Amino acid sequence: MRFATWNVNGLRARLDFIKIWLENRSPDVVGMQELKVEEPDFPADEFEALGYQHAIHVQKGWNGVGILSKHPIEVTQSGLSGEDEMGARLISADVAGISFTTVYVPNGKTLDHEDFPAKVKWLGSLAEYCNATNLGNKPSILCGDFNVTPDHIDSWKGERAVGNIFHTEDERGAIAALQQQGLTDLFRDKCPAEQKFSWWDYRGGAFHRGQGLRIDYLLGSSAIRERVDDVWIDRDFRKKQDGLTASDHAPVIVDLTD
DNA sequence: ATGTCGGAATTATTCCGA
């Protein structure tokens, strides 16, 4: 059983690229972020033709999250309670016997912008939600674009970046709090010392310079962790495919034993 | 080069967000 998370950076602009990826990797369940599409424009038929059902939580213009699945999806939550003003950033569903949640954490912009404390607050609300729904104590996956590097190794700048946005104690503390609920960073658990990134800025040739961040990940409860066969970042799909532009994020994939 | 994208607002250009 293959689960993935991917910030697609605009579903309408990325649709053909996503279809190539789905056909290549054939994931069972995908959490997608930054759909940037409204419900009437969601290309349901295109995904159905590839065997995927969907559930989405979207808004006009920005943000938006969704789930594609080869298996039935039962939505359990759309939107993070108390955080409506921050946009459409969370959807949860029961899929294939697993509680699956995908999130698009607010970027925060800069440390002195009002969005930064709002980001930290949003992460606190997420921790409350995970606790209230007991995610750590049942088969659960919490995945998405967290816009936080969990540790020094997860940034191309390493320790030099401490204190910059995506690298602060407040942000890392909020991610650690999720892990303390029993939600393990599955990539880091499998590869304790590997420096791998999931996002590279479009600007300045960052991808080819190796200037990336690991800000997309899959957290799993103990019941999931026991089933992990492999966890990997699908870096090839950060590259152009058939002349089509990639997202600035690569998909992150976990393969579970059935 | 703060160097690229996607989308909105508004009509091919500029702004915003990332």
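For clarity, every value in this text was computed on a predicted model and none was experimentally measured. Chain letters run A, B, ... following the sequence lines, proteins first and then strands; every chain starts at 1.
Rounded to whole Å, the separation between the P atoms of B/dC15 and B/dG3 comes to 14 Å. Taking atom P on both B/dT10 and B/dG17, the two are 15 Å apart, rounded to the nearest angstrom. The same atom, C1', is picked in B/dT2 and in B/dC16; the two are 14 Å apart, to the nearest Å. Nucleotides B/dG7 and B/dA12, compared at atom C1', are 15 Å apart to the nearest Å.
One interatomic measurement links the two molecules: OH of A/Y104 to C1' of B/dA18, which rounds to 6 Å at whole-angstrom precision. The CZ-C1' distance, from A/R238 to B/dA18, rounds to 12 Å in whole Å. At whole-Å resolution of the value, CG in A/D201 and P in B/dC5 are 10 Å apart. When the P atom of B/dG3 is taken as reference, atom CG of A/D248 falls 15 Å away, rounded to whole Å. Taking atom CH2 on A/W199 and atom C1' on B/dT4, their separation rounds to 11 Å, with Å as the unit. Taking atom CG of A/D145 as the reference point, atom P of B/dG17 lies 17 Å away to the nearest angstrom. With rounding to whole Å, A/H208 atom NE2 is found 18 Å from B/dG3 atom P. To the nearest angstrom, C1' of B/dA18 lies 7 Å from CZ of A/R203.
Toward the 5' end of DNA chain B, the nearer of the two residues A/K240 and A/P106, judged by each one's closest nucleotide, is A/K240.
Sequence neighbours left out, the pairs with a member in residues 45-75 of chain A that pass ring pair (Phe, Tyr, Trp, His ring centres under 6.0 Å) are A/F42-A/F47, A/F42-A/H54. Within the structure, every pair that satisfies the ring pair (Phe, Tyr, Trp, His ring centres under 6.0 Å) test and touches residues 81-137 of chain A, not counting sequence neighbours, is listed here: A/F3-A/F100. Screening residues 164-176 of chain A for salt bridge (Lys or Arg N to Asp or Glu O under 4.0 Å), with sequence neighbours left out, gives A/K119-A/E171.
A search for side chain to side chain donor-acceptor pair (under 3.5 Å) contacts involving A/R227 returns nothing, not counting sequence neighbours.
For A/W21 and A/W6, the gap between ring centers is short of 6.0 Å.
In this model, a donor atom of one side chain and an acceptor atom of the other lie less than 3.5 Å apart for A/E83 and A/S125.
Residue A/K109 places none of its side-chain N or O atoms closer than 4.0 Å to OP1 or OP2 of B/dG17.
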Check nucleotides 6-15 of chain B for protein N or O atoms closer than 3.5 Å to its own N or O atoms and list the pairs.
from	atom 1	to	atom 2	distance (Å)
B/dG6	OP1	A/R14	NH1	3.0
B/dG6	OP1	A/R14	NH2	3.2

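Using a 4.0 Å heavy-atom cutoff across all strands shown, A/F207 reaches no nucleic acid atom at all.
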Using atom types as modelled, flag every donor-acceptor pair under 3.5 Å from a side chain in residues 216-223 of chain A to any protein atom, sequence neighbours excluded.
from	atom 1	to	atom 2	distance (Å)
A/D216	OD1	A/S198	OG	2.6
A/D216	OD1	A/H249	ND1	2.9
A/D216	OD2	A/H249	ND1	3.1
A/Y217	OH	A/V148	O	2.8
A/S221	OG	A/K138	O	2.5
A/S221	OG	A/S140	N	3.0

